[in-house]
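Only one structure is covered here, and it is reproduced in the block below.
Counting convention: from 1, in listed order, for ligands and their atoms alike.
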Amino acid sequence: MDCLFCKIIAGEIPSTKVYEDEQVYAFRDINPMAPVHVLIIPKLHLASANEITPENAAVVAHIFQVIPQIAAAEGLTGGYRVITNCGPDACQSVRHLHFHLLGGCQMSEKMV
Ligand code: DGP
């Protein structure tokens, strides 16, 4: 499968890892939009939030258990924002489900 994030998980494309377990990989975004900008992805290839089903939803729940651990490790004591872009209207550019973890600054009230 020609998927950029599957290649990052496989180590075929380098990334700066911040967390990994059997189900999840997390790494720094190449184009950070905040002082801390981490992408958290399931190792299972799901193209977007549209592919979450009752059968695979446990990995998403697991990601949301891992996010506070990563946020704490990154020193995000003031809070953080989690975003997933789904489809062209949301400007999703990589078709592998990913959650942006953003923090380390005061974010705007505009747009969520
Ligand atoms: P989205 O627009 O929601 O699909 O976000 C995709 C993100 O992936 C975007 O913020 C930039 C990041 N990205 C794209 N290619 C690479 C890469 O090769 N390495 C890393 N670390 N991040 C990447």
Side-chain angles (χ1 to χ4, degrees):
M1 188 183 299
D2 192 25
C3 169
L4 175 67
F5 286 176
C6 285
K7 288 178 181 167
I8 284 178
I9 292 165
E12 294 166 16
I13 293 174
S15 65
T16 305
K17 178 169 80 172
V18 300
Y19 176 88
E20 183 174 18
D21 65 27
E22 306 87 50
Q23 299 181 73
V24 169
Y25 189 76
F27 56 104
R28 300 202 188 282
D29 195 289
I30 203 167
N31 184 24
M33 297 290 172
V36 173
H37 187 168
V38 174
L39 298 172
I40 302 122
I41 64 178
K43 290 187 174 177
L44 175 71
H45 179 85
L46 301 172
S48 75
N50 278 341
E51 293 195 355
I52 300 169
T53 65
E55 288 70 36
N56 63 36
V59 72
V60 179
H62 180 64
I63 285 172
F64 275 84
Q65 288 179 308
V66 163
I67 282 171
Q69 297 175 38
I70 297 173
E74 294 291 324
L76 300 181
T77 54
Y80 53 86
R81 187 170 282 168
V82 178
I83 295 173
T84 189
N85 293 320
C86 180
D89 280 5
C91 301
Q92 182 184 3
S93 61
V94 179
R95 288 186 50 76
H96 183 125
L97 177 64
H98 52 282
F99 296 90
H100 297 259
L101 170 63
L102 298 153
C105 62
Q106 179 61 59
M107 281 172 266
S108 166
E109 287 182 8
K110 300 205 171 108
M111 206 63 183
V112 307

Legend entry - Beyond-backbone contact of His96 with Ile8, side-chain heavy atoms, under 4.5 angstrom: no
Legend entry - Atoms in ligand 1 with a heavy atom of Cys91 nearer than 4.0 Å: 2 (O)
Inset, instruction - Please step through side-chain contact (heavy atoms from CB on, under 4.5 Å) for the pair Arg81 and His100, ending with a clear verdict. - result: CA-CA 8 Å; Arg81 187 170 282 168; His100 297 259; over 6 Å; no
Legend entry - Asn85 side chain reached by Cys91 side chain, heavy atoms, under 4.5 Å: no
Inset, instruction - Would you check if Lys7 and Asp2 make a side-chain contact, meaning some heavy-atom pair closer than 4.5 Å? - result: yes
Inset, instruction - Give the contacting part of Thr16 toward ligand 1: side chain, backbone, both or neither, where contact means a heavy-atom distance below 4.0 Å. - result: neither
Inset, instruction - Look only at interatomic distance and state if Val94 has a nitrogen or oxygen under 3.5 Å from any nitrogen or oxygen of ligand 1. - result: yes
Inset, instruction - Could you walk me through whether Leu97 and Val60 pass side-chain contact (heavy atoms from CB on, under 4.5 Å), step by step? - result: CA-CA 10 Å; Leu97 177 64; Val60 179; 4.2 Å; yes
Legend entry - Plane angle bin for His98 and Phe5 - parallel if under 30°, tilted between 30 and 60°, otherwise perpendicular: perpendicular
Inset, instruction - From atom 16 (C) of ligand 1, work out which of Asp29, Ile30, Ile41 has a heavy atom at the shortest distance. - result: Ile30
Inset, instruction - State the atoms of ligand 1, each with its element, that fall below the 4.0 Å cut-off from a heavy-atom position in Phe5. - result: 8 (O)
Inset, instruction - Look at atom 4 (O) of ligand 1 and say which protein heavy atom is nearest, naming residue and atom and giving the distance to 0.1 Å. - result: Ser93 N, 2.7 Å
Inset, instruction - Using the rule that two of Ile, Leu, Val, Met, Phe, Trp, Tyr join whenever any of their side-chain heavy atoms come within less than 4.5 Å, decide whether Tyr25 and Leu46 are in one cluster. - result: no
Inset, instruction - Could you tell me whether ligand 1 has any atom less than 4.0 Å away from a heavy atom of Asn31? - result: no
Inset, instruction - Give a yes/no verdict on whether any heavy atom in Thr84 is under 4.0 Å from an atom of ligand 1. - result: no
Legend entry - Same apolar cluster (I L V M F W Y, side chains within < 4.5 Å links), Ile40/Leu76: yes
Inset, instruction - Decide yes or no on ring pair (Phe, Tyr, Trp, His ring centres under 6.0 Å) for Phe99 and Phe64, but give the supporting numbers first. - result: CA-CA 9 Å; Phe99 296 90; Phe64 275 84; 5.2 Å; yes
Inset, instruction - Report yes or no: does Ser15 have a heavy atom closer than 4.0 Å to ligand 1? - result: no
Inset, instruction - Can you pull out the closest protein heavy atom to atom 21 (N) of ligand 1? Residue, atom name and distance to 0.1 Å, please. - result: Arg28 O, 2.8 Å
Legend entry - Residue-ligand contact His98/ligand 1, heavy atom below 4.0 Å: yes
Legend entry - Sub-4.0 Å heavy-atom approach of His100 to ligand 1: yes
Legend entry - Gln92 neighbourhood, listing ligand 1 atoms whose heavy-atom distance to it stays under 4.0 Å: 4 (O)
Inset, instruction - Could you check His62 against Glu22 for side-chain contact (heavy atoms from CB on, under 4.5 Å), going step by step and ending with a plain yes or no? - result: CA-CA 11 Å; His62 180 64; Glu22 306 87 50; over 6 Å; no
Legend entry - Top protein contact for atom 15 (N) of ligand 1, by heavy-atom distance: Leu4 CD2, 3.3 Å
Inset, instruction - Number the atoms of ligand 1 from 1 as they appear, then name those within less than 4.0 Å of a heavy atom of Asn85, with their elements. - result: 1 (P), 2 (O), 3 (O)
